[in-house]
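So the structure is just underneath, and the comments pick up after that.
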Amino acid sequence: MSTAPVVLHRRFGHTARRDAWWIQPLLVFFALSTFVVYATWAAFQGEHYTYGPYLSPFYSPEIFGGSPHSWFGARPALWPGFLTYSPALLILPIPALFRVTCYYCRGAYYKSFWADPPACTVGEPRHSYWGENSFPLVLQNVHRYLLFLSVFVLLILAFDAYAGFWFHDPDGGAPRFGIGVGSLVLTANVVLLAGYLFGCHSMRHVAGGCVDQLSRSPLGSRTYACVSCLNRRHMVWAWSSLFMVGFADLYVRLCSMGVWTDFRIL
Ligand code: FES
């Protein structure tokens, strides 16, 4: 079936709106740009990503690396010497692509980065709209598959948060339970990421996408209701989890560099 483009008649920026419609896309532009610049910089550092039992979420799971959190030891010998190596480069593409393809995030950065459209009922720079039916935007459909990979990453982050409550005694011996500010930061990060991930639009299909063939009633309707409840605040979960995951990396990094002190509550 062929799809015809929608023809747009408004001039770019033309609108009858009288409110400050441009503030939101502008704020989104600055917030997302700041996060992308910081996350890229942090991912390439390859150091100061652990502190005591804490591991930065940008670097988890640490598949190959030099810290005690590494699963398979140091960086693989086959890694080309001319390429920068950082454990984050192996894992960060999963959550990054999950965010990039998120339905809410698409709407936000389409508006703020390439004015498509700048805001509702405001004229856009193009004269036709093809939607996401063609390359490259059709690749956004990979979101539902990234969801499953992201659940796996979330489970590992949950384990990291748990491990963040077990501190090694400087004199040796078994790790002891304690609570540091970093333990709470890593835990808050997991809670916010879980709220974001389990409210995903694709998760709604997973949670409520089938019908009992005998009774014709939807299966898993309670799960569907939970997911829908989270989904109604998906924008809030998206922003709060984005802020917290960046802050968690910053927290571990600054503690590791000796700039911040990780206060122990217990
Ligand atoms: Fe936003 Fe899936 S729609 S995470």
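Since this is a predicted model, take the numbers as computed values, not measurements. In listed order, ligands and their atoms are each counted from 1.
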*Does the side chain to side chain donor-acceptor pair (under 3.5 Å) test come out yes or no for Y49 and E62, once each step is laid out?*
CA-CA 10 Å; Y49 57 88; E62 184 183 0; 2.6 Å; yes
*Begin from the C-alpha positions of W114 and Y109 and carry the test ring pair (Phe, Tyr, Trp, His ring centres under 6.0 Å) through to its verdict.*
CA-CA 7 Å; W114 51 83; Y109 69 78; 5.6 Å; yes
*Measure up the F64 and F72 rings against each other and bin them: parallel (under 30°), tilted (30 to 60°), perpendicular (over 60°).*
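Rings of F64 and F72: tilted, 30 to 60°.
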*Do H201 and H143 have their ring centres less than 6.0 Å from each other?*
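Not close enough - the centres of the two rings lie 6.0 Å or further apart.
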*Could you tell me whether R264 sits above the aromatic face of F167, with NZ or CZ closer than 6.0 angstrom to the six-membered ring centre and within 45 degrees of the axis?*
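Checked: cation-pi criterion met.
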*Can you list the protein N, O or S atoms less than 2.8 Å from atom 2 (Fe) of ligand 1?*
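Checking every protein N, O and S atom gives H143 NE2, C200 SG.
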*How far apart are the C-alpha atoms of Y59 and D249, what are their side-chain angles, what is the distance that settles it, and do they pass the side chain to side chain donor-acceptor pair (under 3.5 Å) test?*
CA-CA 9 Å; Y59 284 75; D249 177 85; 5.9 Å; no
